[in-house]
Amino acid sequence: MEYQMIAPEHSEQVLEHLRRNFFADEPLNKAAGLCQNGSSCPALEAHCAEAIQHRMSVMAVDAKEKGACKIVGVVLNGILKPGDTAKALSKLDCNDDADFRKIFDLLHRHNLKHNLFEHFDVDCMFDVRILSVDSCYRGQGIANELVKRSVAVARKNGFRLLKADATGIFSQKIFRSHGFEVFSEQPYIKYTDEDGKVILPVEAPHIKLQQLYKAICAGDQDE
Ligand code: ACO
């Protein structure tokens, strides 16, 4: 397996990987019925494409796959500044994809309520936004390696704080094993509409959203 930084010219290949793996499999996308495996989702694709532009993302490539390189895992990382989440939340009203709105309303509001910027007094954060591994390559440590490399990228670029919104128990375990700590949690059964109906009926074993963070000190070494 090879690990490489993702450049903007890889965007279409990365999106194709996400359409076949992340878009339908990620717990909140699945609960919302955001899209079928392999189909496109313009709102989510725009969110992913924006992260790629920050040039902080990493991919796992299987060079042995039928003589051609195949992307088998990605972690999309972006730079988050104070005010970005409030702006993204206000833009959400104009988005015509109701399922996308359900997911990002939860994420943005949770982040605004449990505000890492205020708590840590930083002016930017390294935001681990999308973690995805090809379903045929799971269980081989690829996600672990992608998170490890993301921490190294953050450190190299001088970030003091990393964050991730982990939506399922496996990604939560992965982040914690790389030194991330839980800052806040939101049980999915408590995300309800005005009639008390659960908005995102997320399947077990995933029961809550966790906002995790990792603070980096100047003298810290890579794992
Ligand atoms: N069942 C049990 N344990 C699991 C599973 C599983 N399905 N998946 C991962 N784990 C555990 C592993 O046992 C391993 O534990 P260890 O370090 O103690 O050995 C750890 O999690 C890491 O395993 P990896 O092999 O590195 O994980 P993998 O490469 O299989 O990728 C991922 C995990 C990214 C969650 C993958 O299943 C996936 O793409 N799922 C769909 C998309 C998704 O949910 N992404 C995360 C959303 S949150 C976010 O994007 C910020």
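Whatever order the structure lists them in is the order used to number ligands and atoms, beginning at 1. Residue numbers run from 1 in the order of the sequence given.
- Ranking protein heavy atoms by distance to atom 39 (O) of ligand 1, first place goes to V133 N, 2.9 Å.
- Side-chain atoms of S132 and E26 include no donor-acceptor pair closer than 3.5 Å.
- Ligand 1 lies out of reach of E145, whose nearest heavy atom is not under 4.0 Å from it.
- The backbone N or O of K70 lies less than 3.5 Å from no partner atom in the side chain of D62, so there is not a single donor-acceptor pair.
- No single ILVMFWY cluster, assembled from side-chain heavy atoms under 4.5 Å apart, contains both I103 and I169.
- The ligand atoms of ligand 1 that sit less than 4.0 angstrom from a heavy atom of T167 are 47 (C), 48 (S).
- In this structure a side-chain-to-backbone donor-acceptor pair under 3.5 Å is present from E45 to C41.
- With hydrogens left out, the protein atom closest to atom 30 (O) of ligand 1 is G139 N, 2.7 Å, a heavy atom.
- Atom 16 (P) of ligand 1 has as its closest protein heavy atom K173 NZ, 3.8 Å.
- Ring to ring, F22 and H17 are not that close: their centroids are 6.0 angstrom or more apart.
- For S150 and N77, the side-chain atoms include at least one donor-acceptor pair closer than 3.5 Å.
- Shown here for R101 and L92, the closest heavy-atom pair between the two residues is CD-O, 3.2 Å.
- Considering backbone and side-chain N/O of S171, none are found under 3.5 Å from N/O of ligand 1.
- The heavy atom nearest to atom 9 (C) of ligand 1, considering only Y137, F23, F170, is found in F170.
- Residue contact check: D165 has heavy atoms under 4.0 Å from atoms 48 (S), 49 (C), 51 (C) of ligand 1.
- The P27 neighbourhood of ligand 1 comprises atoms 44 (O), with distances under 4.0 Å to a heavy atom of that residue.
- With hydrogens left out, the protein atom closest to atom 38 (C) of ligand 1 is R138 NE, 3.4 Å, a heavy atom.
- Summary of contacts: the protein heavy atom closest to atom 21 (O) of ligand 1 is I174 CG1, 3.7 Å.
- Within a 4.0 Å radius of atom 3 (N) of ligand 1, the protein contributes one or more non-hydrogen atoms.
- Of all the atoms in ligand 1, the ones that sit under 4.0 Å from a non-hydrogen atom of Q140 are 25 (O).
- For ligand 1, the polar-atom distance check against G141 finds a nitrogen or oxygen pair separated by under 3.5 Å.
- Taking the six-membered ring where the residue is Trp, F104 and F100 present parallel rings, their angle staying beneath 30° rather than reaching 60°.
- Each of the atoms 17 (O), 22 (C), 26 (O) of ligand 1 lies under 4.0 Å from some heavy atom of N144.
- Residue S132 approaches ligand 1 through these ligand atoms, each under 4.0 Å from one of its heavy atoms: 39 (O).
- Comparing heavy-atom distances from atom 45 (N) of ligand 1 across V72, L131, L146 singles out L131 as nearest.
- Near F22, the atoms of ligand 1 lying under 4.0 angstrom from a non-hydrogen atom of the residue are 42 (C), 45 (N), 50 (O).
- Atom numbering of ligand 1 starts at 1 in the shown order; those under 4.0 Å from a heavy atom of A143 are 26 (O), 27 (O), 28 (P), 29 (O), 31 (O), 33 (C), 34 (C).
- The six-membered or imidazole ring of Y191 lies away from that of H110, with a centre-to-centre distance of 6.0 Å or more.
- In this structure, K197 does not pair ionically with D195, as no charged nitrogen and carboxylate oxygen lie closer than 4.0 Å.
- A distance of 7.5 Å separates CZ in F126 from CG in N157, rounded to the nearest 0.5 Å.
- Relative ring orientation between F183 and F120 is described as tilted, the plane-to-plane angle lying within the 30° to 60° band.
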